[in-house]
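FYI, the numbering just counts along the sequence from 1.
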Amino acid sequence: SVTKLPFGKESFDGVHCSHVIEHLMPQDAHKMLSEVSRVLKKNGVFVLSTPILWIGFYNDFTHIKPYNPDSIVRYLVNNGQDKSLPDIKGKFKKIDFYWRFRPLYLPGRIGYLLTNYLYQFDIHSLQKDAYTLVLRKIV
């Protein structure tokens, strides 16, 4: 369970969490982020990838809530006046951020192959559908 990881404190140099948080209610998302912070060593890297709200987000019945990247950064990186979620607040530094875009739609088998080829060269639609956030634990 991502809300209660079976590992000791500061066990890992890196944690990669891909397409998990959007399946959690906010209170469980907070528990997951707290657990990641607990098991990650100082200077460890946390990579979080998740879809955002786009037209197909709720086509998956297990998607509960999209989490905007600014909200993740607000809780993990910023250490301002907001005192909510103090166990994870301000413990990370943002290293990098990437948007994922919807591929172009070209029909047929050749279109599918061409779409994948073009995507390698950053030729895609302008519609964002996911992101990857790379953070370093500083505390």
Side-chain angles (χ1 to χ4, degrees):
S1 171
V2 295
T3 60
K4 189 164 173 73
L5 297 173
F7 308 106
K9 184 178 177 182
E10 299 182 0
S11 298
F12 298 100
D13 293 315
V15 173
H16 181 213
C17 184
S18 182
H19 294 262
V20 174
I21 198 168
E22 72 275 10
H23 300 277
L24 303 175
M25 295 295 288
Q27 64 271 21
D28 288 331
H30 170 246
K31 287 178 188 175
M32 181 198 82
L33 295 172
S34 295
E35 282 294 281
V36 166
S37 181
R38 183 184 67 79
V39 302
L40 197 58
K41 295 177 184 176
K42 184 177 179 181
N43 293 317
V45 175
F46 176 37
V47 178
L48 175 71
S49 297
T50 185
I52 58 170
L53 185 58
W54 63 286
I55 196 167
F57 182 84
Y58 288 112
N59 288 349
D60 181 338
F61 284 170
T62 67
H63 283 175
I64 294 174
K65 180 179 179 0
Y67 290 90
N68 185 295
D70 291 338
S71 65
I72 302 294
V73 169
R74 175 179 174 226
Y75 288 114
L76 294 179
V77 176
N78 298 336
N79 201 6
Q81 302 252 340
D82 182 355
K83 301 300 182 200
S84 60
L85 310 180
D87 59 326
I88 59 174
K89 188 80 168 163
K91 292 190 175 183
F92 290 83
K93 177 182 178 186
K94 182 174 156 185
I95 298 173
D96 218 337
F97 179 82
Y98 305 94
W99 282 112
R100 185 182 75 190
F101 294 88
R102 300 291 307 156
L104 294 171
Y105 175 73
L106 301 172
R109 180 166 167 71
I110 299 296
Y112 174 79
L113 295 172
L114 186 57
T115 295
N116 287 326
Y117 178 76
L118 293 172
Y119 200 91
Q120 294 175 32
F121 297 100
D122 249 357
I123 300 171
H124 47 69
S125 75
L126 298 177
Q127 182 184 9
K128 298 172 184 171
D129 70 351
Y131 65 88
T132 297
L133 183 59
V134 183
L135 305 161
R136 180 176 309 283
K137 186 175 176 185
I138 58 173
V139 177

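- Criterion: ILVMFWY side-chain heavy atoms under 4.5 Å apart, direct or through other members. Under it, Ile52 and Ile72 are part of a common hydrophobic cluster.
- Leu48 and Ile95 fall into different hydrophobic clusters, where Ile, Leu, Val, Met, Phe, Trp and Tyr residues are linked whenever their side-chain heavy atoms come under 4.5 Å apart, directly or through other members.
- Of all the heavy atoms in Leu135 and Lys94, the pair that sits closest is CD2-CA, 3.6 Å.
- Below 30°, between 30° and 60°, or above 60°: for Phe7 and Phe12 the angle between ring planes is above 60°, a perpendicular geometry.
- Between Leu33 atom CG and Thr3 atom OG1 the span is 11.5 Å, to the nearest 0.5 Å.
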Any chance you could lay out the side-chain contact (heavy atoms from CB on, under 4.5 Å) test for Asp60 and Glu22, step after step, and finish with the verdict? CA-CA 11 Å; Asp60 181 338; Glu22 72 275 10; over 6 Å; no
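- Connection of Val77 to Ile138 is not established within any shared hydrophobic cluster, with ILVMFWY side chains joined at heavy-atom distances below 4.5 Å, either directly or through further cluster members.
- Taking every heavy atom of both residues into account, Lys91 and Ser37 meet most closely at CD-OG, 3.6 Å.
- Evaluation of the salt bridge (Lys or Arg N to Asp or Glu O under 4.0 Å) test over residues 97-107, restricted to residues two or more places apart or in two chains, returns Arg100-Asp129, Arg102-Asp129.
- Interatomic distance, OH of Tyr98 versus OG1 of Thr132, reported as 8.5 Å (0.5 Å rounding).
- Arg136 contributes atom CZ, which lies 8.0 Å from atom NZ of Lys93 (distance to the nearest 0.5 angstrom).
- Counted within 6.0 Å of OH on Tyr112, heavy atoms from surrounding residues, nucleotides or ligands total 12 or fewer; the atom is thus considered open.
- Going from atom CZ of Phe101 over to atom CG of Leu126 covers 7.0 Å, rounded to the nearest 0.5 Å.
- In terms of heavy-atom proximity, Leu40 sits nearest to Val45 at CD1-O, 3.8 Å.
- Smallest separation of non-hydrogen atoms from Glu10 and Lys41: O-CG, 3.2 Å.
- In terms of heavy atoms, Ser71 sits closest to Asn68 at OG-O, 2.6 Å.
- Leu113 and Tyr117 fall into different hydrophobic clusters, defined by Ile, Leu, Val, Met, Phe, Trp and Tyr side-chain heavy atoms under 4.5 Å apart, directly or through other members.
- For the pair Lys65 and Tyr67, the distance from NZ or CZ to the six-membered ring centre is under 6.0 Å and the angle to the ring normal is within 45 degrees.
- Note that CD1 of Ile64 is 6.0 Å distant from CE of Met25, once rounded to the nearest 0.5 Å.
- Nearest approach of Arg38 to Gly8, heavy atoms of both residues: NH1-C, 3.6 Å.
- Applying the ring-ring contact (aromatic ring centres under 6.0 Å, His included) rule to Phe97 yields the partners Trp99, Tyr131; only residues at least two apart in sequence or on another chain are considered.
- We find the OG1-NE2 distance between Thr50 and His19 to be 6.5 Å, quoted to the nearest 0.5 Å.
- Following chains of ILVMFWY side-chain contacts shorter than 4.5 Å, one can reach Val2 starting from Val39, so the two form part of one hydrophobic cluster.
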